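The block underneath contains the structure these notes are about, expressed in structure tokens.
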Amino acid sequence: MTTLAKVDLDATYEHLMTLWTSGVRDYHTMLSDYLTANSIFVAVIGLILSRDLLAFSFTVLIVLLCIFGVLLCLQMAIVLGRLSGQNALWEWRLRGIEQDPDWNKEKLITSLRLLHEVRQPIEDRRNEPPVFEPNWAFRQHRQWWAHRAISFPWFFGSVYALLLVWSLTKLMNA
């Protein structure tokens, strides 16, 4: 391999690693923001429901908050799913570079994939302990229910749907 090609491979790897780490950070920031927004919506609805006598206007407010909450959950699923897919693309590209026969550096992303998806321990005789075993969380990480882009929108969406049905029933009976 020419020196220019090696430098280009190193530069591409470095850029992709920056994109991947930024994407992971952005994913967790967005997740935190969506959890905060959903928690505030649910807390406001709970505060309104805690009133002794629930006026018609407050029931309408609950309906509106639930509708906005469901829309927020849809947006949450789309945005987190997109960020997750984008991060998976960067990982895929990084693994491709690591599989290049001329790649002589450490294969960080390949090792991470083996740990997460294959549940294969990582060995490094220079470390203590020399073998890093995947724990229970690593084994559950790729399960459908463990994906935050799926489980959190479903959880909050279910809460909003139940509260929406309850408040619409209350409005119909009023």
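If you're wondering where the values come from, they're calculated on a predicted model, not measured in any experiment. We count residues from 1, following the sequence as given. Heavy atoms only: backbone and side chains are in, while hydrogens, waters and symmetry mates are out.
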What closest approach, in Å, do [X] and [Y] show between heavy atoms, and which atom pair accounts for it?
| X | Y | answer |
| --- | --- | --- |
| Pro130 | Arg125 | CB-NH1, 3.3 Å |
| Arg119 | His116 | CG-O, 4.1 Å |
| Leu54 | Ile48 | CD1-O, 3.3 Å |
| Val24 | Asn87 | N-ND2, 3.6 Å |
| Leu72 | Ala37 | CD2-CB, 3.8 Å |
| Lys107 | Glu98 | CE-O, 3.0 Å |

Item to check | Trace of the side chain to side chain contact (heavy atoms under 4.5 Å, CB included) decision for Leu80 with Phe152 | outcome: CA-CA 10 Å; Leu80 293 179; Phe152 284 128; 5.9 Å; no
Item to check | Listed partners of Ala55 passing side-chain contact (heavy atoms from CB on, under 4.5 Å), at least two apart | outcome: Ser57, Phe58
Shared hydrophobic cluster for [X] and [Y] (ILVMFWY, side-chain gaps under 4.5 Å):
| X | Y | answer |
| --- | --- | --- |
| Phe41 | Val79 | yes |
| Leu64 | Leu162 | no |
| Ile67 | Met172 | no |
| Leu31 | Trp154 | no |

Side chain to side chain, [X] and [Y], heavy atoms closer than 4.5 Å:
| X | Y | value |
| --- | --- | --- |
| Cys73 | Tyr34 | no |
| Leu114 | Ile122 | no |
| Leu19 | Leu16 | yes |
| Phe132 | Asn127 | no |
| Leu163 | Leu49 | yes |
| Glu133 | Leu115 | no |
| Val159 | Asn38 | no |
| Val42 | Tyr160 | yes |

Checklist entry - So Ser22 and Thr18, side chain to side chain contact (heavy atoms under 4.5 Å, CB included) or not? Walk me through it. => result CA-CA 6 Å; Ser22 296; Thr18 300; 4.2 Å; yes
Item to check | Trace of the side chain to side chain contact (heavy atoms under 4.5 Å, CB included) decision for Thr21 with Trp90 | outcome: CA-CA 9 Å; Thr21 54; Trp90 304 144; over 6 Å; no
Next on the checklist: Tell me whether Glu14 at atom CD has more than 12 heavy atoms from other residues, nucleotides or ligands lying less than 6.0 Å away.
Outcome noted: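 Open.
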Checklist entry - Mind checking whether Trp103 and Tyr13 have parallel, tilted or perpendicular rings, split at 30° and 60°? => result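 Tilted: the ring planes of Trp103 and Tyr13 meet at 30° to 60°.
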Item to check | Side-chain donor-acceptor pair present, Arg82, Gln86, cut-off under 3.5 Å | outcome: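 Distance-only check passes for Arg82 and Gln86.
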Checklist entry - Stepwise, does the side chain to side chain contact (heavy atoms under 4.5 Å, CB included) test hold for Ile45 with Leu61? => result CA-CA 9 Å; Ile45 293 170; Leu61 180 60; over 6 Å; no
Next on the checklist: For Glu91, is there an ion pair with Arg93 - N to carboxylate O distance below 4.0 angstrom?
Outcome noted: no
